[in-house]
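I have placed the structure first, in the form of structure tokens, so that the comments after it can refer back to it.
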Amino acid sequence: MNPDAEFDIIVQGATGFTGRLIAEHLAMRYGNGGAVKWAMSGRSAAKLAEVRDMIGAPAATPLIVADAADPASLAAMVARTKCVVTTVGPYQLYGEPLVAACAAAGTDYLDLSGEPAWMAEMIAAHDAAARASGARILFS
């Protein structure tokens with residue numbers, strides 16, 4: 001884990017229903033700039049800003065554009081944080097690029113996957129890289 005990361009947590013998929021709930025909880029609990037530094041991430045800056053305002057998060061809450069279809073954007077995002085919480089599913093379609101980016105960067109990864117076959121594939125594909133970088137990959 002990168003102890004000097006800009007953020008403690010980035011919520012990837014913050015514009016979706018479950019991602020919004022996680023972001024709302026973080027906003028209520030920590031505001032922004034509190035004990036936990038966090039940011040919201042998704043494909044659209046405009047939608048992220050709309051959700052930020054809807055959940056009452058501070059206007060200064062960082063918004064990061066990152067897309068599962070753009071591995072470079074995911075790599076840039078994970079380099080900025082200690083941990084990514086993602087709600088972007090189905091994971092078997094959209095999850096592997098983020099798992100790979102986290103495993104390579106040493107960034108912790110958490111999701112809500114209920115897809116055991118995909119989880120087994122990700123362990124087989126990325127366990128060695130995660131162990132080497134110190135990333136913790138946590139499914140479900």
Side-chain angles (χ1 to χ4, degrees):
M1 178 169 40
N2 178 2
D4 299 321
E6 181 180 359
F7 303 110
D8 297 307
I9 302 170
I10 293 178
V11 180
Q12 172 67 353
T15 60
F17 179 79
T18 305
R20 185 176 58 226
L21 291 174
I22 295 167
E24 184 174 27
H25 173 77
L26 291 171
M28 288 175 16
R29 177 133 180 143
Y30 301 110
N32 201 315
V36 174
K37 296 175 189 163
W38 66 281
M40 297 169 57
S41 179
R43 293 179 295 177
S44 166
K47 288 182 182 178
L48 286 164
E50 182 180 315
V51 170
R52 178 197 59 210
D53 296 343
M54 180 176 48
I55 65 173
T61 301
L63 307 176
I64 300 167
V65 175
D67 188 333
D70 180 3
S73 71
L74 296 176
M77 175 184 67
V78 303
R80 299 176 67 184
T81 190
K82 296 175 184 174
C83 172
V84 174
V85 176
T86 182
T87 61
V88 179
Y91 297 95
Q92 65 185 349
L93 297 178
Y94 305 113
E96 184 167 11
L98 184 54
V99 172
C102 287
T107 300
D108 293 343
Y109 168 98
L110 298 101
D111 71 23
L112 302 173
S113 176
E115 303 168 35
W118 177 79
M119 290 183 260
E121 288 176 26
M122 294 304 98
I123 292 166
H126 302 289
D127 182 62
R131 287 178 187 272
S133 71
R136 294 173 287 188
I137 308 298
L138 301 167
F139 304 111
S140 301

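Along the sequence shown, residues carry numbers from 1.
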inquiry  = Grouping I, L, V, M, F, W and Y whenever their side-chain heavy atoms are under 4.5 Å apart, do Leu138 and Ile9 come out in a common cluster?
reply    = yes
request  = First locate atom CZ of Arg43, then atom CG of Asp70, and finally report the distance between them rounded to the nearest 0.5 Å.
outcome  = 12.0 Å
ask   = Is the backbone N or O of Pro62 less than 3.5 Å from a side-chain atom of Trp38, with the two atoms forming a donor-acceptor pair by type?
value = no
task = Identify, with sequence neighbours excluded, every residue that meets side-chain contact (heavy atoms from CB on, under 4.5 Å) alongside Ala103.
result = His126, Ala129, Ala130
message = Within this structure, what is the CD-CZ distance for the pair Glu50 and Arg20, rounded to the nearest 0.5 Å?
response = 9.5 Å
ask   = Where do Asp67 and Ser73 come nearest, in terms of heavy atoms and distance?
value = N-OG, 3.0 Å
request  = For Ser140 and Leu112, indicate whether the former's side chain and the latter's backbone hold a donor-acceptor pair under 3.5 Å.
outcome  = no
ask   = Mind checking whether Met119 and Val99 sit in one hydrophobic cluster, side chains of I, L, V, M, F, W, Y counted as touching below 4.5 Å?
value = yes
request  = Check whether any side-chain N or O of Thr107 sits under 3.5 Å from a backbone N or O of Val78 as a donor-acceptor pair, and report yes or no.
outcome  = yes
query = What are the two closest heavy atoms between Val51 and Ala14, and how far apart are they?
reply = CG1-O, 3.6 Å
ask   = Counting only N and O atoms by type, is there a donor-acceptor contact under 3.5 Å from the side chain of Ser41 to the main-chain atoms of Ile64?
value = yes
key: Atom pair CD (Glu24) and CZ (Arg52), whose distance is rounded to the nearest 0.5 Å   = 14.5 Å
request  = Taking all heavy atoms of Ala23 and all of Met40, pick out the closest pair and write down the distance.
outcome  = CB-CG, 4.1 Å
key: Leu74 and Gln12, any side-chain heavy atoms less than 4.5 Å apart   = yes
request  = To the nearest 0.5 angstrom, please state how far the OG1 atom of Thr81 sits from the CG atom of Asp8.
outcome  = 6.5 Å
remark   = Closest non-hydrogen atoms of Gly13 and Val88, given as atom of the first, atom of the second and distance, are CA-CG2, 3.6 Å
ask   = Where is the tightest heavy-atom contact between Gly134 and Asp108, given as atom of each residue plus distance?
value = O-OD1, 4.1 Å
message = Quick check: is Met28 connected to Met54 through a chain of hydrophobic side chains (ILVMFWY, heavy atoms under 4.5 Å apart)?
response = no
message = Hydrophobic cluster membership, with links at side-chain heavy-atom distances under 4.5 Å among I/L/V/M/F/W/Y: are Leu93 and Met122 in one?
response = no
request  = For the residue pair Cys102 and Val84, establish whether any side-chain heavy-atom pair is separated by less than 4.5 Å.
outcome  = yes
query = When rounded to the nearest 0.5 angstrom, what is the spacing between CG in Leu26 and CD1 in Ile10?
reply = 11.5 Å
query = Shortest non-hydrogen contact from Pro58 to Gly31?
reply = CG-C, 3.9 Å
request  = With sequence neighbours left out, write down each residue that passes side-chain hydrogen bond (donor to acceptor under 3.5 Å, both in side chains) with Glu6, or none if nothing qualifies.
outcome  = Arg80
task = Verify the cluster assignment for Phe7 and Leu48: are they in a single hydrophobic cluster under the rule of side-chain heavy atoms below 4.5 Å apart?
result = no
key: Side chains of Met77 and Leu98 in contact at under 4.5 Å (non-hydrogen atoms)   = yes
inquiry  = What's the separation between atom CD1 in Ile55 and atom OG1 in Thr61, rounded to the nearest 0.5 Å?
reply    = 7.0 Å
ask   = Restricting to pairs with a member in residues 42-99, which pass ring pair (Phe, Tyr, Trp, His ring centres under 6.0 Å), not counting sequence neighbours?
value = Tyr91-Trp118
